[in-house]
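Below is one structure, written out as structure tokens; the observations come after it.
Each chain gets a letter, A, B and so on, in the order its sequence line appears, and its residues count up from 1.
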There are 2 protein chains.
Amino acid sequence: MTYSEENYLKIIYHLSNNSGKGIATNAIANQMESKPSSVTDMVKKLADKGLVRYKKYQGVSLTDEGRFKALMIVRKHRLWEVFLLEKLDFSWDEVHDIAEQLEHIKSEKLTNKLEEFLDFPTEDPHGDPIPDSEGNIKKVDKKLLSEIPAGKKVICVGVKDSSSAFLQYLDKQQIALGSGMEVISKEDFDLSLTIQVNGKPITVSNKIAANLFVKIL
Amino acid sequence: MTYSEENYLKIIYHLSNNSGKGIATNAIANQMESKPSSVTDMVKKLADKGLVRYKKYQGVSLTDEGRFKALMIVRKHRLWEVFLLEKLDFSWDEVHDIAEQLEHIKSEKLTNKLEEFLDFPTEDPHGDPIPDSEGNIKKVDKKLLSEIPAGKKVICVGVKDSSSAFLQYLDKQQIALGSGMEVISKEDFDLSLTIQVNGKPITVSNKIAANLFVKIL
DNA sequence: ACTTAATTTTAGGGGACTCTAAAAATATTT
DNA sequence: AAATATTTTTAGAGTCCCCTAAAATTAAGT
């Protein structure tokens with residue numbers, strides 16, 4: 001598998017999560033920062049290799065083999081993120097970009113030894129579960145903060161967007177994985193939330209709330 | 001810089017070591033496991049970028065900028081080798097191939113943090129010096145075992161070939177970096193050597209001796 | 001020095017991946 | 001349901017890197 005094929009598989013995997021429908025060419029192109037026509041070409045190639053199912057104009061979905069391959073890339077990505085944070089002292093907003101490169105290193109033995117070196121972590125620094133070497137992945141039940149009604153107490157368990165900008169915002173607000181918070185009120189007009197964190201109330205936009213995963217206590 | 005350009009630079013660097021002459025197209029092609037015509041193409045590209053000096057039929061040599069870039073790749077390669085051996089418990093015959101991939105990861109910060117994590121090693125598992133972040137590299141004075149006359153006592157300081165096959169042979173003979181040995185005799189016919197190692201004499205072919213670096217005591 | 005051999009370069013082409021522009025199919029609107 | 005808008009695919013082309021085969025240059029042998 002080439003670097004590019006791996007990236008396509010990974011993105012198709014990330015877009016697959018819920019609905020049973022095929023993934024749209026356009027959606028893949030947006031994530032890949034490429035053009036729909038390029039996606040069509042690549043998707044045909046992946047279909048020839050048996051990694052995706054594809055019918056013209058009907059979108060794409062992963063085969064079992066494709067899903068497994070994607071999971072192995074996600075596995076490597078998240079293990080390297082843990083390594084960068086825990087062993088090399090990177091901050092959680094720096095690890096993603098470097099892991100995008102490291103996820104393509106091909107050596108099963110390396111991946112497994114790295115996992116052992118890190119003491120078999122089950123989550124990466126953004127709260128996402130790490131698949132094991134068989135491709136098993138823990139399903140975490142989590143909701144977006146934007147979907148929580150006023151009055152509920154929650155705990156922060158992950159982020160949807162792992163861009164530097166967003167993660168640095170969270171650092172500034174002293175919000176980390178494990179932070180407890182309570183939804184005080186929700187503004188109907190712009191869907192912004194007022195939440196109680198670290199003992200004081202703060203207001204966050206809907207865009208913020210829609211990128212923060214929480215678990216209801 | 002692309003993956004391929006980096007490999008060319010690295011190989012030109014390794015071939016440059018002594019003579020002041022340009023490196024032959026053929027020599028590069030052999031190391032790259034590609035064809036001379038491909039080398040000509042790439043070398044033109046590198047020359048356009050100011051990384052090598054190139055005149056038709058005259059061979060290639062690195063510019064200062066090219067040399068620095070090559071040193072940074074070598075630096076990454078050797079640091080990752082140390083990581084694999086010391087932290088992940090790989091054996092010295094396994095680290096080279098994985099490091100060939102890891103050397104292309106682009107993040108100066110990662111390289112420097114890795115170096116710090118490993119406690120600023122000065123040599124890789126094969127005895128080769130590790131360039132620092134400014135591109136300074138220690139010159140080690142070492143000779144090939146094949147050039148040592150009978151009667152001299154030496155210590156093993158490195159290998160020229162780092163293929164699995166050769167390193168596993170050394171393991172089998174219980175020869176490692178730091179092993180002391182004495183040249184007992186040299187056979188004129190095939191240039192094979194009889195050497196005293198670990199208290200007992202063994203005979204090694206010229207091919208073996210020409211791939212083992214030693215320092216005279 | 002002249003012929004032969006080896007090396008190196010050019011010429012032309014192929015595969016992987018990407019793009020733009022135009023055509024085809026599907027979705028949406030009225 | 002017809003017209004319009006959107007999405008998706010095809011067609012053709014460009015870049016990067018590699019190849020083979022043939023031509024040019026340099027090196028070696030007699």
Side-chain angles (χ1 to χ4, degrees), chain A residues 1-16 19-62 66 69-70 73 100-101 103-106, chain B residues 1-16 19-62 66 69-70 73 100-101 103-106:
Chain A
M1 275 217 296
T2 67
Y3 199 95
S4 188
E5 287 172 346
E6 291 192 342
N7 279 333
Y8 273 94
L9 274 192
K10 182 185 60 167
I11 280 169
I12 294 168
Y13 170 79
H14 284 311
L15 292 170
S16 295
S19 79
K21 315 205 93 187
I23 310 304
T25 302
N26 245 354
I28 299 170
N30 288 338
Q31 289 291 315
M32 284 290 295
E33 296 181 353
S34 68
K35 303 293 165 185
S37 54
S38 308
V39 174
T40 302
D41 280 356
M42 178 57 89
V43 145
K44 280 180 186 166
K45 216 175 93 181
L46 293 173
D48 286 346
K49 293 194 174 188
L51 300 172
V52 302
R53 274 177 292 273
Y54 168 63
K55 264 184 259 158
K56 277 190 194 178
Y57 298 101
Q58 305 306 134
V60 202
S61 62
L62 292 173
K69 292 243 159 88
I73 298 163
E100 288 279 315
Q101 298 181 60
E103 74 191 1
H104 298 289
I105 301 293
K106 285 168 195 34
Chain B
M1 274 219 296
T2 67
Y3 199 95
S4 189
E5 287 172 345
E6 290 193 340
N7 280 333
Y8 273 93
L9 274 192
K10 183 185 58 167
I11 279 169
I12 295 168
Y13 170 79
H14 284 312
L15 292 171
S16 296
S19 78
K21 315 205 91 185
I23 310 304
T25 304
N26 244 355
I28 299 171
N30 287 338
Q31 289 292 315
M32 283 291 296
E33 295 181 354
S34 69
K35 302 295 165 186
S37 54
S38 308
V39 174
T40 302
D41 281 355
M42 177 57 90
V43 146
K44 281 181 185 167
K45 215 174 95 180
L46 293 173
D48 287 344
K49 292 194 175 189
L51 300 172
V52 301
R53 275 177 293 272
Y54 168 63
K55 263 185 258 158
K56 277 190 194 177
Y57 297 100
Q58 304 305 135
V60 202
S61 61
L62 291 173
K69 292 244 160 88
I73 297 162
E100 288 278 314
Q101 298 181 58
E103 73 190 2
H104 298 289
I105 302 294
K106 285 169 195 32

[X] has an atom [atom1]; how far is it from atom [atom2] of [N], in whole Å?
X: Lys21(B); N: dT26(D); atom1: NZ; atom2: C1'; answer: 12 Å
X: Glu33(B); N: dC19(D); atom1: CD; atom2: P; answer: 10 Å
X: Glu5(A); N: dA16(C); atom1: CD; atom2: C1'; answer: 9 Å
X: Asp41(A); N: dC19(C); atom1: CG; atom2: C1'; answer: 10 Å
X: Ile28(B); N: dC18(D); atom1: CD1; atom2: P; answer: 12 Å
X: Lys55(B); N: dT26(D); atom1: NZ; atom2: P; answer: 12 Å
X: Tyr3(A); N: dC16(D); atom1: OH; atom2: P; answer: 18 Å
X: Leu46(A); N: dA16(C); atom1: CG; atom2: C1'; answer: 13 Å

If every non-hydrogen atom of [X] is compared with every non-hydrogen atom of [Y], which pair is closest and at what distance?
X: Ser4(A); Y: Met42(A); result: OG-CE, 3.5 Å
X: Thr25(B); Y: Pro36(B); result: CG2-O, 3.4 Å
X: Val39(A); Y: Ser34(A); result: CG2-OG, 4.0 Å

*Between dA6(C) and Asn26(B), is there an OP1 or OP2 to side-chain N/O distance shorter than 4.0 Å?*
no

*OP1 or OP2 of dT9(D) less than 4.0 angstrom from a side-chain nitrogen or oxygen of Thr25(A), does that happen here?*
yes

*Using modelled atom types only, decide if a donor and an acceptor are shared between the side chain of Gln101(A) and the backbone of Lys106(B) within a distance under 3.5 Å.*
yes

*Please check if the side chain of Arg53(A) supplies one atom and the backbone of Val60(A) the other of a donor-acceptor pair under 3.5 Å.*
no

*Which nucleotide in the set dT8(C), dC16(D), dT18(C) lies at the smallest distance from any side-chain heavy atom of Ser4(A)?*
dT18(C)

*Considering only NZ, NE, NH1 and NH2 on the basic side and carboxylate oxygens on the acidic side, decide whether Glu5(B) and Lys69(B) come within less than 4.0 Å.*
no

*Tell me, please, which residues at least two apart from Glu100(A) pass side-chain contact (heavy atoms from CB on, under 4.5 Å).*
Lys10(A), His77(A), His96(A), Glu103(A)

*Heavy atoms under 4.0 Å is the rule here; annotate nucleotides 20-27 of chain C 5' to 3' with B where the base is hit, S where only the sugar-phosphate is, and - elsewhere.*
B---BSS-

